[in-house]
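Worksheet: the structure to be examined is printed underneath.
These numbers come from a predicted model, not from an experiment.
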Amino acid sequence: MRAALAQLPLRRRRGASPFLGRLLRDRLALAAALVLALITLAALLAPWLSPHDPFETKPIPFQPPVWAEGGTADYLLGTDGQGRDMLSRLLHGTRLTLLIAVLAVALGGGIGVLVGLFAAFYRRLDGVLMRLADVLLSFPAILLGLAFAAVIGPGMGAIIVALAVATVPDVARITRGAAVMIMGQDFMEAGRAVGLPDRTLLWRYLALNCMSSVFVFLTLRFGQVILIGAVLSFLGLGARPPAAELGMMASQGRDALLFAPHISTLPSLMIVLVVLCANVLGDALRDTLDPRLRNT
Amino acid sequence: MTVTSFKRWPWLAGALALGATMAAGPALAQNTITIVRELDSNNYDPHKSTARAASEVLFMLGDTLVSLDYDMATIKPGLAESWTVSEDGKTYTFKLRGDVSFCDGKRMTADDVVYSLKRWIDPETKSPVRWRAGPVEDIVAKDPQTVEYRLKAPFSEMLYQLTQSFAVVIDKANVEALGNDFGVKGFNGTGPFCWGDWKPRNDMTLKRHAAYKWGPPIYENRGPAGVQEIVWKIVPEEATRLAAVMTGQSQVTQYVPFSGYQVLRRNPQIRVVESKEAFWTNFIGFKLDKEGVSDPEVRRAMVMAVDQAAMSKNLFFGEVEPANSYISRDALDWNKEIEGKLPRTNVEEANRIIDAAGWARGPDGVRVKDGKRLSPLGYSFSAPQFRTIMEAVQGDVRKIGVDMRIQLFDATAGWGKLATQEFDLFALSFPYISAGDALNLYFRSGNIPSPNRMNFRDAGVDKLLDQGMTAVDPADRAKAYGEVLRQVHEQNVWIPLFHEPMKVAASNRLAPIKAHNIYGCGLYKGLDLKFVR
């Protein structure tokens, strides 16, 4: 019986290749993936790609981008209100924004998966854990951000914790939903019958078989987290000056919208682009992994 | 300053946003003036708010015994048509006008003046500006037209303080009837305008006081006011306020973003009126007992690293006056002798000073001494002006290896945070009438932790401030305050940034107006506001 169980195919091994195949066929998803990869690469290499020090103030504030009247090739995307190079700040800002989103999704997603799995596997915990998730669900992410900023002070820490906490209940519910279905499968019963330890059943069979739906959700959530993170930074709860973060940069340019719109619009466009790509990719992933949508 | 070619749509957005908020009400009549401003006050009780937002309304709702001329130095009659000061400088006797009445029609007498001034100093009132009334021994009504203001010691600022909105005359019956709602649901004053309706954080409507005819002599029109109604409208967004002025939805305001003056001056429908006196100064203050900034050489280097001229030109569009003094040089009792000794921007010299003080650059370029990084934490408000200031100073001191950290707060939380000991430096701006006014407020050890947020403690300075405050001879007063100015500048307690001249943008549908600077309230009593077309 153990040998037979070992033969059970794991969804994990089948997930990647159909996705890649579909991605190559779906031009929109492919374009989104390429753009996102490019943005991520540029963000990762920001310290080397940036033409100027993103924090150095110079006596040339509000300089427009190269294509506008008065722009120069030295500062391709112009300068901000403190005379700092917009291109360098945009690269560093994207890096920080992506980092915040990745950390928040990883932290919130990780805790959410654990909560969902435990709720499904240990039924006596189900009621308590899901009610806790319900409580968390009733707090909007922005309110959580404000609360954490009040307790631990505004900054990156508060924003990551707030976004992670806001992610936990959704992920927990989705994981639990998927896990409860899998718990009813014959192979789980069989695993128990042959005396497999809880640890093996939980991680090797239950967790891995839930991963596809959780992964789809997290990809879609990634875009939302960037957006909410940007809103929190826009409200002054996120990164501290002189750090560059897209939401904060958009907020800083607000006062100069009248005569230097590039300071606000460039980081805003970057947010739109990243979120759009993440959403398109998430949709493509869902289409691939959801059997009901796979052949549509 | 270069302006990009695509600049139309933000106008539209601003105008639409404003239209949505302003067009919601009925169309305003020709004799209503709308003034847009950034902030509201939390109340309009003259003894319970220090906000400029409160003062600018209170100057219109009420009157003071004496008034202040546009030069910010000459005291003119107000509710008192004349006054005398005793030789020892301790007794002021005010002769009141006989024709003054409150908005409800009741005649104003010396008893009302006494009640108002005594409420100001009453410990039960808990007024944050009680000290401005001086060391009062007693205030008595000698007869219905005469008030005697007796001091325990001379107070050289006395008459200047009595021109402020904290000293407006209020109606005892009105205060008692309204209780805690005084200045919230109503206010019976003697000013050129009467309380209409207040919708907090939205608008404050004032109605003309028809019987008013006792305005300060600095106005051609002593009353009644030239318009029926004034609406103080709260519009927090800078661009929207500018759009309101450009589109004629607001006829007059001093709350135009610095970036907007260039545009307004080119607009033939609008005139920008400026006051030469810039008695509103922006500065960074050091907490003198905090590690790092407690080193006088660090402070000197930081002061020299900041480029006020570039800040004024580049960030504030040349609309402010770069400062290397803590108060305007036009202010009463400024010490001309220290002018040549004030530090000037010199980054190279600043680096040399901080090197010599033993602060060496670490691997990341930040200065370190005895294992401690030079990374002071700065607190200020999140309003655009303070954010700009903090980031500019952060950028400047970075050039000498100081890693300044910034934390900005909304106004509701900011004042509380600025009264703590959590930070190493802070940015603020403040209005003043004279050197004595500014120095007594910020540098008295008794005013620690707020407004003396620097924890500046110097018995010698306290003694000099006492001497200045109690001086009967103006020359003695100037000498004492001049010495304090020398000492605090020498110790680099602040980084002075810029003096903000008063600028008011007004529609040319209004008669020409003159900008005042009293407590930063450009329209003062609003008696010159009237439509001409």
Side-chain angles (χ1 to χ4, degrees), chain A residues 53-72 75 77-86 89 146 149-150 152-155 158 233-244 248-249 251-266, chain B residues 1-14 237-240 242-243 246 257-260 262-263 307 309-311 313-317 365 377-385 387-399 403-410 413 417 422:
Chain A
D53 179 346
F55 311 120
E56 191 187 354
T57 54
K58 291 184 183 144
I60 41 165
F62 307 111
Q63 189 164 309
V66 66
W67 60 83
E69 189 188 331
T72 65
Y75 297 92
L77 297 183
T79 60
D80 72 359
Q82 296 282 349
R84 297 173 294 209
D85 179 42
M86 275 301 290
R89 285 185 71 74
L146 287 167
I152 57 180
S233 283
F234 187 90
L235 294 174
L237 303 171
R240 306 280 84 207
M248 191 177 82
M249 288 168 69
S251 168
Q252 285 172 335
R254 210 166 27 138
D255 314 320
L257 210 54
L258 209 59
F259 53 93
H262 67 284
I263 301 174
S264 212
T265 46
L266 289 173
Chain B
M1 197 60 48
T2 319
V3 176
T4 54
S5 54
F6 51 115
K7 60 183 179 187
R8 284 178 196 277
W9 65 268
W11 280 112
L12 188 63
E237 285 294 323
E238 284 186 344
T240 316
L242 184 56
M246 296 293 290
F258 293 108
S259 57
Q262 216 179 329
V263 184
D307 190 344
M311 186 186 286
K313 179 171 168 267
N314 299 322
L315 306 180
F316 295 102
F317 307 86
L377 173 64
Y379 274 13
S380 192
F381 296 101
S382 53
Q385 182 164 323
R387 198 180 62 216
T388 304
I389 286 172
M390 289 297 265
E391 286 194 49
V393 173
Q394 183 183 52
D396 281 345
V397 299
R398 196 167 171 266
K399 291 170 188 160
D403 173 33
M404 178 174 146
R405 292 168 295 138
I406 298 176
Q407 203 142 313
L408 305 175
F409 300 93
D410 179 72
K417 284 286 182 185
E422 297 166 1

Quick one: sort the Phe317(B) and Phe259(A) rings into parallel, tilted or perpendicular, breaks at 30° and 60°. perpendicular
What part of Gln407(B) gets closer than 4.5 Å to chain A, counting heavy atoms only: side chain, backbone, both or neither? both
Under 4.5 Å heavy-atom distance to chain A, tell me which part of Glu391(B) shows up: side chain, backbone, both or neither. both
Scored by heavy-atom pairs under 4.5 Å with chain B, the best of Arg84(A), Lys58(A), Glu56(A) is Arg84(A)
Across all chains, not counting sequence neighbours, the side chain to side chain donor-acceptor pair (under 3.5 Å) partners of Arg398(B) are Asp53(A)
Under the rule for side chain to side chain donor-acceptor pair (under 3.5 Å), what residues qualify as partners of Ser233(A), not counting sequence neighbours? Glu245(A)
Which atom names give the shortest non-hydrogen contact between Gly81(A) and Leu315(B), and what distance separates them? O-CD2, 2.7 Å
Of all heavy-atom pairs linking Ile406(B) and Pro241(A), the shortest is CD1-CB, 4.0 Å
Starting at CD of Gln82(A), measure out to CE of Met390(B) and round the result to the nearest 0.5 Å. 11.5 Å
Would you compute the distance between atom CD of Gln252(A) and atom CZ of Arg387(B) and round it to the nearest 0.5 angstrom? 5.5 Å
Leading residue by heavy atom contact count with chain A [cutoff under 4.5 Å; candidates Pro384(B), Ala310(B), Pro257(B)]: Pro384(B)
Among the listed options Met404(B), Glu237(B), Met311(B), Arg405(B), the residue most often paired with chain A at heavy-atom distances under 4.5 Å: Glu237(B)
